[in-house]
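Beneath this line is the structure, given in structure tokens, with notes to follow.
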Amino acid sequence: MQHQAISRRDRQPGLTSPVWAVNAGPAPKVESLSGAHEVDVLVIGGGIAGVTTALHLAEKRVDVALVEAGQFGDGATGQSGGIVAPDYIRHTPDSIQAVLGEAAGERLTRMIGGSGQHVFDLIRRHEIECDARQDGFYTPSHTDALAAQQRDYARQWQTRGHKVSFVEGVQARALFGADRYCGALRFEEGGGLNPLAFVRGLARAAQRSGARLFGNSPVTRLERKDGYWLCRTPIGTVRAQRLVLAANGGNAALHPAMQRTSLPLNVFQFASMPLDPAQRQAILPRGGAFTDKLPYLFTARLDGLGHLISAFPMSFMVNGDRACYREARRRLKQHFKVMPEPQIDFLWHGLAWVNTSFLPEIYDLGDNAIAIQACNGRGIATNTVIGSELATMLATGDRDALSVQPRAPVPVRFHAGASLLPRFLMSLAYLTN
Ligand SMILES: Cc1cc2nc3c(=O)[nH]c(=O)nc-3n(C[C@H](O)[C@H](O)[C@H](O)COP(=O)(O)OP(=O)(O)OC[C@H]3O[C@@H](n4cnc5c(N)ncnc54)[C@H](O)[C@@H]3O)c2cc1C
């Protein structure tokens with residue numbers, strides 16, 4: 001399905017397509033896969049993970065093809081909020097060591113902490129027009145206890161050379177235009193972008209570098225034959241020596257070992273009507289993007305057209321399109337006094353896939369097949385780096401190129417029940433919000 005710029009004012013009631021299509025520019029010209037092809041590496045999935053892998057492989061002169069079911073960015077990438085967040089979701093630089101050990105922990109911290117700069121450098125290198133703004137990513141604290149912890153988290157990042165600081169309460173409230181926070185962690189190298197324009201720009205760069213890209217080509221069958229991977233789409237085949245699965249939630253249908261390895265997190269993402277001058281002066285006046293740490297989390301950023309972009313997780317409490325629009329308005333009113341009557345122009349549904357570790361995972365499936373499972377609702381920056389590192393590993397054979405060490409996939413126990421957990425937990429969080 002190709003994104004179309006349908007806003008609330010054009011089409012009522014109901015959900016719209018993501019706001020990003022308004023100024024993402026045209027989709028790259030790609031054909032459907034037809035006939036029989038042979039390549040060294042086949043990548044499946046045209047989101048940020050697959051496209052960056054293909055781009056960097058092609059730059060290293062590896063013969064690579066990428067097959068996408070729909071259009072590039074149709075998955076979580078184009079549904080996302082476009083926040084570039086070089087931070088852990090649950091961990092800190094110190095706490096990750098307890099999970100991974102010192103060397104692997106430091107390595108991952110270096111990767112996560114540097115992922116914002118990596119994204120903006122890549123955009124500059126390929127001159128991608130994607131409304132990129134490196135104006136900071138913040139995680140605000142809603143209690144004094146969290147603020148005290150975050151002062152320590154800032155120190156943890158700083159001692160490792162990252163540009164992270166703690167912004168005290170008054171200053172944080174002025175930076176956000178929201179008065180419910182008592183400080184914030186600031187990641188200077190983070191920011192925001194138009195994720196659809198970003199992935200389209202990367203896809204064009206991959207094509208220019210020699211990658212063969214195919215759209216509207218869902219992989220219907222994947223099998224091992226005569227020592228090769230054979231992938232079938234409705235009207236074509238690709239035979240490859242090596243395979244990268246970058247289909248996010250779609251990985252489960254492509255390889256049996258990927259079944260039941262991640263959990264669905266449904267999110268509603270929305271964009272307000274462009275703010276008026278008074279609102280723009282009050283809300284995020286110096287730009288930046290933030291995601292708070294409350295269970296029913298709140299997030300906000302502005303795009304280049306002045307839309308305020310935010311989101312809320314799906315719960316059992318908000319049902320139906322009208323209720324979603326009501327909830328979007330309630331959230332904006334709750335946080336921003338200067339928006340007593342917010343108008344919502346775009347509201348769309350997105351599906352993120354979460355690992356129980358809340359960490360990016362790379363799975364070694366054997367037979368020269370690797371899977372990237374690193375969405376976690378936070379993969380714009382990290383998956384961009386993972387694609388680059390994975391390409392280096394595939395081109396050189398050096399596993400030390402990877403900051404995330406590949407391991408065997410482990411199914412989530414009681415997966416059917418566990419899949420309901422995110423929505424159930426978000427319902428509880430909604431009630432306490
Ligand atoms: C609502 C929402 C908001 C988010 N906001 C942010 C944010 O602000 N910042 C952030 O960092 N992260 C955010 N995320 C997470 C981020 O979008 C993801 O981590 C990232 O985009 C995942 O990229 P990916 O390439 O792994 O997967 P995807 O973008 O999902 O790409 C996978 C692709 O595989 C294709 N595919 C699936 N099955 C097949 C098949 N059989 N054959 C061929 N192709 C197939 C799909 O069509 C899709 O295009 C958000 C996610 C959602 C859902």
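Predicted model, so just to flag it, every value in this text is computed and none were measured. For ligands, and for the atoms within them, numbers begin at 1 and follow the listed sequence.
- Cation-pi geometry between Arg331 and Phe312 is not met: the NZ or CZ atom fails to fall both under 6.0 Å from the ring centre and inside 45° of the normal.
- Close N/O approach between Asn376 and ligand 1 is not found [any backbone or side-chain N/O within under 3.5 Å].
- Of the polar atoms of Gly350, none of the N or O atoms is found under 3.5 Å from an N or O of ligand 1, judged by distance alone.
- Taking every heavy atom of Gly379 and a limit of under 4.0 angstrom, the matching atoms of ligand 1 come to 10 (C), 11 (O), 12 (N), 15 (C), 16 (C), 18 (C), 19 (O).
- A side chain to side chain donor-acceptor pair (under 3.5 Å) check over residues 40-54, counting only residues at least two apart or in different chains, returns the pairs Asp40-Arg242.
- Less than 4.0 angstrom separates some heavy atom of Val67 from each of these atoms of ligand 1: 43 (C), 44 (N).
- Every residue two or more places apart in sequence or in another chain that forms a ring pair (Phe, Tyr, Trp, His ring centres under 6.0 Å) with Tyr138 is listed here: Phe176.
- For ligand 1, the atoms sitting less than 4.0 Å from at least one non-hydrogen atom of Ala352 are 53 (C), numbered in the order shown with element in parentheses.
- Using a distance-only test at 3.5 Å, with no hydrogens or angles considered, no donor-acceptor pair links the side chain of Arg221 to the main chain of Leu230.
- Taken to the nearest 0.5 Å, the CD1 atom of Ile128 stands 9.0 Å off from the CZ atom of Arg204.
- Ligand-side atoms of ligand 1 in range of Gly45: 33 (C), 34 (O), 35 (C), range being under 4.0 angstrom from any heavy atom.
- For Gly81, a nitrogen or oxygen atom sits less than 3.5 Å from a nitrogen or oxygen atom of ligand 1, counting backbone and side chain alike.
- Between Asn248, Val119, Leu245, it is Asn248 that holds the heavy atom closest to atom 27 (O) of ligand 1.
- Counting heavy atoms only, Glu68 comes closest to atom 49 (O) of ligand 1 of the residues His349, Gln79, Glu68, Gln71.
- Under the 3.5 Å distance criterion, the side-chain polar atoms of Thr392 are matched with a main-chain donor or acceptor of Ser388.
- Close placement of the Phe268 and His349 rings is indicated, their centers lying within 6.0 Å of each other.
- The residue Thr382 has no part lying near ligand 1, judged by heavy-atom distances below 4.0 Å.
- For the residues Gly70, Pro18, Ser80, the heavy atom positioned nearest atom 4 (C) of ligand 1 is part of Ser80.
- Close approach to Ile44 involves these atoms of ligand 1, each under 4.0 Å from a residue heavy atom: 42 (N), 43 (C).
- Geometrically, ligand 1 and Ile380 share a nitrogen or oxygen pair separated by less than 3.5 Å.
- More than 12 heavy atoms of other residues, nucleotides or ligands shown are found within 6.0 angstrom of CD on Glu223.
- For ligand 1, the atoms lying closer than 4.0 Å to a non-hydrogen atom of Cys375 are 18 (C), 19 (O).
- Considering backbone and side-chain atoms alike, Ala76 places an N or O below 3.5 Å from some N or O of ligand 1.
- Considering both main-chain and side-chain atoms, Ile83 comes within under 3.5 Å of ligand 1 through a nitrogen or oxygen pair.
- Every atom of ligand 1 with a heavy atom of Gln269 under 4.0 Å away is listed here by number and element: 1 (C), 2 (C), 3 (C).
- Residue Ala311 does not touch ligand 1, judged by heavy-atom distances below 4.0 Å.
- For Gly73, no nitrogen or oxygen atom sits less than 3.5 Å from a nitrogen or oxygen atom of ligand 1, counting backbone and side chain alike.
- Considering backbone and side-chain N/O atoms, Val219 comes within less than 3.5 Å of an N/O atom of ligand 1.
- The closest heavy-atom contact to atom 13 (C) of ligand 1, among the options Gly387, Gly46, Gly377, comes from Gly377.
- Counting heavy atoms under 4.0 Å from ligand 1, residue Asn383 touches it through the side chain alone.
- Both the backbone and the side chain of Ala69 come within contact range of ligand 1, each with a heavy atom under 4.0 Å.
- For Arg224 and Trp229, the positive end sits near the middle of the six-membered ring, less than 6.0 Å away and at most 45° from its axis.
- For Tyr363 and His255, the ring centers sit 6.0 Å or farther from each other.
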**Q.** CA sep, side-chain torsions, deciding dist, call: His142, Arg180, side-chain hydrogen bond (donor to acceptor under 3.5 Å, both in side chains)
**A.** CA-CA 6 Å; His142 50 277; Arg180 58 168 17 198; over 6 Å; no
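- Salt-bridge formation is detected for the pair Asp131/Arg133: a Lys NZ or Arg NE/NH1/NH2 atom is positioned less than 4.0 Å from an Asp or Glu carboxylate oxygen.
- Exactly one residue among Arg407, Gln405, Arg399 makes a side-chain hydrogen bond (donor to acceptor under 3.5 Å, both in side chains) with Asp364. That residue is Arg399.
- The two residues Val404 and Pro360 come nearest to each other via the heavy atoms CG1-O, 3.4 Å.
- Near Ala247, meaning under 4.0 Å from any of its heavy atoms, are these atoms of ligand 1: 32 (C), 34 (O), 36 (N), 37 (C), 38 (N).
- Residue contacts with ligand 1 include Ala246, since one or more of its heavy atoms lies under 4.0 Å from the ligand.
- With Gln207 as the fixed residue, the side-chain contact (heavy atoms from CB on, under 4.5 Å) test singles out one of Leu55, Leu202, Val30: Val30.
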